[in-house]
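Note sheet for the following structure.
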There are 2 protein chains.
Amino acid sequence: MAIEVVLADDHAIVRQGLSAVISQEQDIKVIKEASNGKEVVDIAKNASVDIFIIDITMPILNGLEASSQIMQINPRNKVIILSMHDNRAFIERALSLGIKGYVLKDSAADEIIQAIRVVYKNEYFLSPRISTFVIQDYIDSRGQKIGEKKIVSLTGREREVLQLIAEGYINKEVATHLKISLKTALAHRNNIMQKLGIHRQADLIKYALKEGITTI
Amino acid sequence: MAIEVVLADDHAIVRQGLSAVISQEQDIKVIKEASNGKEVVDIAKNASVDIFIIDITMPILNGLEASSQIMQINPRNKVIILSMHDNRAFIERALSLGIKGYVLKDSAADEIIQAIRVVYKNEYFLSPRISTFVIQDYIDSRGQKIGEKKIVSLTGREREVLQLIAEGYINKEVATHLKISLKTALAHRNNIMQKLGIHRQADLIKYALKEGITTI
DNA sequence: TCTAAAGTAGGTAGTTATACCTATTTACAG
DNA sequence: CTGTAAATAGGTATAACTACCTACTTTAGA
């Protein structure tokens with residue numbers, strides 16, 4: 001019986017293209033498609049699916065949050081993340097959620113096919129560029145290096161603040177929105193910047209977009 | 001003989017997916033692919049191509065600039081723009097370049113097939129959402145409305161400045177980069193913001209990203 | 001239960017951005 | 001040839017951001 005996959009991507013053309021590529025394989029079948037995070041979570045609740053292929057950047061509920069909920073529904077659910085970017089922080093988050101597949105959009109289409117087959121067997125598949133630095137981090141953490149690996153993890157509140165900033169709110173508005181003082185909003189902002197090694201608003205916004213914390 | 005098309009998109013998976021969709025049609029053939037604007041311009045210089053399908057958001061040379069150069073090489077070249085956003089300003093620019101096809105990525109895959117066939121016959125194909133407001137604008141411009149239609153068109157220099165801002169340069173650096181005074185850089189920035197009705201850096205950056213003026 | 005992390009909030013300085021002005025030179029279209 | 005748009009550049013004032021401080025309270029984990 002074929003491996004039954006669900007595709008989630010907000011762009012219909014991308015989704016159908018991917019579907020066309022996958023359909024060329026006899027052992028894989030696209031049984032459902034979703035155009036946002038909420039839809040794919042609903043599918044996870046109501047259908048039996050072998051593998052979820054989820055794009056990071058989606059409206060309403062981004063790919064990461066959707067994956068998180070899907071893993072909560074059943075930790076044995078298998079998810080492959082499709083992403084435009086090879087950002088360390090995001091990969092860590094995905095892996096810590098128990099996601100086993102992470103494929104970059106700029107890799108060849110047959111990588112996604114490979115990923116489906118590998119993840120189906122409950123093994124990891126990461127695009128080469130990703131696995132390279134996951135392995136590198138592993139090596140570094142084993143070694144005697146005391147060097148401060150800037151492994152970034154924002155707190156929940158920090159992510160909330162960052163999202164508002166990236167959506168165009170100024171600090172004053174962030175504070176109002178979260179019902180905290182301006183000084184607190186600034187403190188969060190400064191902590192975020194320090195953690196990320198970012199010094200400019202522009203980079204902050206781009207980071208948030210890259211991470212799928214917010215969408216354009 | 002089949003319609004020979006070239007695909008330009010920086011994401012290989014998207015490109016191959018699209019290629020798979022197109023390949024299902026007997027009368028259309030993907031003869032070449034490009035992963036950035038420069039590559040597709042090079043193809044335009046050296047090969048005979050019926051239709052160029054170009055994604056807006058691409059590194060090195062964005063889809064719009066690439067299209068502009070392709071139209072300069074031969075004004076009879078046929079280009080279809082693939083875009084994530086239905087932004088008025090960008091569509092105007094595309095149309096004024098002589099581009100006859102504009103397809104949104106969130107539309108169905110067969111729209112691109114339709115677009116190829118229609119544009120091949122030297123007619124216009126715009127995704128419905130696009131054509132709606134192109135027509136609306138036409139109607140408005142015919143009517144007696146004196147209302148200030150905020151039809152936005154940035155000048156070349158303004159686009160340069162905006163790109164640098166969106167890439168994370170502060171005004172001082174923009175000035176250095178373009179070898180102009182800080183005051184001039186500021187003047188351009190203010191003009192851009194006024195034209196776009198934007199008052200915050202965050203929105204400026206998001207605008208640039210949306211328009212494909214720069215990439216994340 | 002104790003402690004570390006997270007969340008809260010304030011102070012102070014210096015830098016950068018925003019929003020108005022005005023004005024000159026260059027290039028191009030009517 | 002002549003006006004208009006574009007590109008250049010300066011002035012001034014206010015708002016927002018960045019980068020340091022310190023310090024208290026709450027929360028969750030060892």
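Please read all numbers here as calculations on a predicted model, not as lab measurements. Quick note on labels: first sequence line is chain A, next is B, and so on, each numbered from 1.
At dA9(C), one or more side-chain N or O atoms of Thr184(A) fall inside 4.0 Å of OP1 or OP2 (strictly under the cut-off). Proximity of Arg189(B) to the phosphate of dT18(C): a side-chain N or O atom is located under 4.0 Å from OP1 or OP2. Contact annotation: Thr155(A) does not reach the phosphate of dA5(C) (side-chain N/O to OP1 or OP2, under 4.0 Å).
A straight line from CE of Met193(B) to C1' of dA17(C) spans 8 Å, rounded to a whole angstrom. Taking atom CG of residue Leu196(A) and atom C1' of nucleotide dA19(D), one finds them 16 Å apart after rounding to whole Å. Following rounding to the nearest Å, Gln201(B) (CD) and dA17(C) (P) show an atom-to-atom distance of 6 Å. The distance from atom CG of Asn191(A) to atom C1' of dA5(C) is 11 Å, rounded to the nearest whole Å. Atom pair Lys195(A):NZ and dA5(C):C1' shows a separation of 9 Å (rounding to whole Å applied). Note: CD1 (Ile170(A)) to P (dA16(D)) measures 4 Å, nearest angstrom. We find that CD1 of Ile180(B) is positioned 11 Å from P of dG10(D), with the value rounded to whole Å. When rounded to the nearest whole Å, the span between OH of Tyr169(B) and P of dT15(C) equals 22 Å.
Within the nucleic acid shown, Asn171(B) comes within 4.0 Å of sugar-phosphate atoms alone, with no base atom in reach, counting heavy atoms only. In this structure, His188(A) reaches the bases: a heavy-atom distance under 4.0 Å links it to at least one base atom across the strands shown.
Taking five base pairs at each end of the helix from dT1(C)-dA30(D) to dG30(C)-dC1(D) and finding the rotation axis that steps the C1' atoms of four pairs onto the next four gives two axes whose angle is 50°, to the nearest 10°.
For the pair Lys100(A) and Phe125(A), the cation-pi criterion (under 6.0 Å, within 45° of the ring axis) is not fulfilled.
Here Ile80(A) contributes atom CD1 and Ser127(A) contributes atom OG; the two are 10.0 Å apart, rounded to the nearest 0.5 Å. Rounding to the nearest 0.5 Å places CD1 of Ile205(A) at 9.0 Å from CG of Leu204(B). Taking OH of Tyr120(B) as the reference point, atom CG of Asp50(B) lies at 4.5 Å (rounded to 0.5 Å). Once rounded to the nearest 0.5 Å, the distance linking CG of Asp9(B) with CD1 of Ile53(B) reads 10.5 Å.
When each of Leu186(B) and Ser181(B) is assigned the nucleotide of DNA chain D bearing its nearest heavy atom, the one mapping closer to the 5' terminus is Ser181(B).
For the residue pair Gln194(A)/Arg189(A), the side-chain donor-acceptor check at 3.5 Å is not satisfied.
Counting only distance, with no hydrogens or angles, the side chain of Gln69(A) and the backbone of Ala66(A) share no donor-acceptor pair below 3.5 Å.
For a distance-only test at 3.5 Å, the side chain of Lys183(B) fails to qualify as a donor-acceptor partner of the base of dT18(C).
When the nucleotides dA7(D), dA9(C), dT18(D) are ranked by their closest atom to the side chain of Arg157(B), dA7(D) comes out on top.
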